[in-house]
2 protein chains.
Amino acid sequence: MTRKRDTHRRRAGNATLSDVAAAAGVSTATVSRCLNAPQLVQQATRARVEDAVNRLSYAPNFGARALAVRQTDTVGAIVPTLDNAIFARGLQSFQEELGKAGVTLLVASSLYKADLENAQVRTLVARGADALLLIGYDREPAVHEFLNRRNVPHLVAWAHDPDRAVPSVGFDNRAAMRGLAARVLALGHRRFGLITAQRIGNDRARGRWLGVLDVLREAGLDDSALTIHETTYSYENGRAGLRKILSAADPPTVVMCGNDVLAAGALQEAREMGLSVPRDLSITGFDDIEIAKITHPRLTTVRVPHREMGRRAARMLLSLRAEPEEPCSYRLDTSIRMRDSLSAPGAS
Amino acid sequence: MTRKRDTHRRRAGNATLSDVAAAAGVSTATVSRCLNAPQLVQQATRARVEDAVNRLSYAPNFGARALAVRQTDTVGAIVPTLDNAIFARGLQSFQEELGKAGVTLLVASSLYKADLENAQVRTLVARGADALLLIGYDREPAVHEFLNRRNVPHLVAWAHDPDRAVPSVGFDNRAAMRGLAARVLALGHRRFGLITAQRIGNDRARGRWLGVLDVLREAGLDDSALTIHETTYSYENGRAGLRKILSAADPPTVVMCGNDVLAAGALQEAREMGLSVPRDLSITGFDDIEIAKITHPRLTTVRVPHREMGRRAARMLLSLRAEPEEPCSYRLDTSIRMRDSLSAPGAS
DNA sequence: TTTCGTCCTGCAAGCGCTTACATCACGCTA
DNA sequence: TAGCGTGATGTAAGCGCTTGCAGGACGAAA
């Protein structure tokens, strides 16, 4: 009944280790050693095996290997979306770093939806991700508990809060925005606008918002000094957001945006409304992606080291995977890029 | 000697199917059925099993499952880099579409290096990718032969050439650029510049270049009518490229760029050189990513349906995976976005 | 009561690979 | 010549899961 094996549902022609062994006239153990520890097998044998491997287009079955050695050399990442250049960029360097270590990357995007992310965590773990990269803190604690129980090292990126138990490599969104808002305030602005992403379920957005609030309150300003427009990250929404905010009774003299894409949209809209930035209105961004240098005027924004974040996250995850030492967090520094879209409140 | 099993290298506390079975007082077969075909098991039993699953934080071992069912529900994608928004964007919709089908995405980026891509193909196949997405045609034929022998359905995206054997979902880069170049010519330009990515190993870049050449030759112009600057895709390189091209003896009146990022850089550099675009110099892009609308003047470019490409590629791969029908290619249409960076050659 | 279906559930044989351990051949040394 | 160490190879027991087949329980029909 070996026939069954051949006709079953086996994909035709995918050679297995034992096919190679047969073709080379050696045992499967020897073939396996040729592949994983060539120095243990004699030159001549090795040559025969390699020949057979090529003739049969053999490629090891990963699942079987993972099963046998209990390690998958795979790590997973769940990001909100690759459409946002910051995540694409961070993931790129994350992947490069993993690749150097021979580790493969499994990607999922949650589209900012908690339940989707939830399911993806389980999927990636089931798929054997040795470790996991997540974005931000906002999720049910059960997720982290699950990962802990399963002994899957994991890390939060793009956010950093020393008070949180979950290890992270990121920056303090609130402090970063506070820094920028302080500069804005110092320039004399007293009426602020903020175009932000949805804050519930997104601690980064929330942190940035709170950063602005911190500054306003510290300056003794009333909360009404801040006009908020909540939307989704996109160029078009930046435009719409600006229009909305400026339609208020006593419009702000500065509109701070949750990211650069939103800010680019706002800038464009301002221009089309006939406003001169920064004379009539100041606008700020966040992230310092490429477009911040392309807009006119160029965008004053917060620089975030996305690439380094990805790289460092990879390294931490890799070492956590190797030796389950006490995970520690890492805080990256942000800085302010003063360019041309922010100045003292204008003609007024 | 069961002890050995426990102390071996097994990650502590990762429950297996049989742990669950023991906890629930049933056989592994029943647990397996609970998970994969719940309708086959009685309500009461199912409840017991589910309870045990939760108590133990059980998650199935993917490798083992893959081994048993011979399918991984995983597809791989190898892109040059996620730093380029077009790939990030395409991959995003690719992943979304896969996710709907319960399929997970494995990502690798080749950084435009053939040997790296080569290795990644083998890695992803070994990891059990049921299907593979590749970018462009330029690679050793051996790669496709390997995939064919291994019965891994695969697709080329971002390019389309009906004469090629490898199925693709993409567009004709040469024809697209030809269309744009024809418009440029019609406006009266006779001296062209081209800032392009490295053409060897990159059929998309080569196609775009040839598109320009087609038009010039057809118009009876000498090849010297085209000044070429070859570089790597990036904003900074766009700037440097423009400067280089304009330093020629008889500089072009239009500079066509291989993509929008390059064009954005060129535009900026032109501005800083004191040139007015398009009066003194016309500039065009390719891709129509977001920044094309942000530059000043806004960029005239070729619109490419990146998202649809990703989505469609996913669907094709998924169906190829299910039933190995004869793979067929799909050609997407591009169009020209006339905006403000192109006009008749200026003051002259 | 016997005899069948019908459902559920369990048994056990793999899936392809790694690796501890056994085996064997060979060349030395005593 | 016996004995031993060494290095190359083979043997076979898993890794955790699925699934064809067999068995058992139970109710209905004969």
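Naming convention: chains lettered A, B, ... in sequence-line order (proteins, then strands); numbering from 1 in each chain.
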* To do: Report the residues that fulfil ring-ring contact (aromatic ring centres under 6.0 Å, His included) with B/His154, sequence neighbours left out, ordered by chain and then residue number.
  => B/His144
What does the list of N/O pairs under 3.5 Å between the protein and nucleotides 5-11 of chain C look like, with a distance for each?
unit_1	atom_1	unit_2	atom_2	d
C/dT9	OP1	B/Gln42	OE1	3.4
C/dT9	OP1	B/Thr45	OG1	2.3
C/dT9	OP2	B/Gln42	N	2.9
C/dG10	OP2	B/Ser27	N	2.9
C/dG10	OP2	B/Ser27	OG	3.1
C/dG10	OP2	B/Thr30	OG1	2.5
C/dG10	N7	B/Arg33	NH2	2.8
C/dG10	O6	B/Arg33	NH1	3.3
C/dG10	O6	B/Arg33	NH2	3.4

* Within-4.5 Å side-chain heavy-atom neighbours: A/Leu155 and A/Leu132 -> no
* **Pairing of A/Glu308 and A/Arg311 as salt bridge, 4.0 angstrom limit** => no
* Specify the separation, in whole Å, of atom CD of A/Gln43 and atom C1' of D/dG7. => 15 Å
* Rounded to 10°, tell me the angle between the two end axes of the helix from C/dT1-D/dA30 to C/dA30-D/dT1, each built from five pairs. => 70°
* To do: Send over the distance from B/Tyr58 OH to D/dG16 C1', rounded to a whole Å.
  => 7 Å
* **Atom pair distance, as rounded to whole Å: CG in B/Asp73 and C1' in D/dT18** => 14 Å
* Asked: What residues, two or more places apart in sequence or in another chain, satisfy ring-ring contact (aromatic ring centres under 6.0 Å, His included) together with B/Phe87?
  -> B/Trp158
* Structure fact -> Contacts satisfying salt bridge (charged side-chain N to carboxylate O under 4.0 Å, His left out) that involve residues 71-82 of chain B (not counting sequence neighbours) are B/Asp73-B/Arg321
* Asked: Within less than 4.0 Å of OP1 or OP2 of C/dC15, is there a side-chain N or O belonging to A/Asn61?
  -> no
* **Spacing of B/Leu17 atom CG relative to D/dC17 atom P, expressed in whole Å** => 4 Å
* Look at A/Arg164 together with A/Asp203 and state whether they make a salt bridge at an N to O cut-off of under 4.0 Å. => no
* Distance in angstrom units between A/Asp19 CG and C/dC17 C1', rounded -> 13 Å
* To do: Give a yes or no on whether a salt bridge exists between B/Asp115 and B/Arg139, defined as a side-chain N under 4.0 angstrom from a carboxylate O.
  => no
* Asked: Does any non-hydrogen side-chain atom of A/Val75 lie less than 4.5 Å from one of A/Leu133?
  -> no
* Can you tell me how far P of C/dC17 sits from CG of B/Leu67, to the nearest Å? -> 9 Å
* Structure fact -> Residue pairs meeting ring pair (Phe, Tyr, Trp, His ring centres under 6.0 Å), one or both in residues 94-143 of chain B, sequence neighbours left out, come to none
* Check every strand shown and say whether B/Phe62 touches a base, only sugar-phosphate, or nothing at a heavy-atom separation below 4.0 Å. => nothing
* **Atom pair distance, as rounded to whole Å: CZ in B/Arg70 and C1' in C/dA13** => 12 Å
* Structure fact -> In whole angstroms, the gap separating P of D/dG16 from CD of A/Gln71 amounts to 15 Å
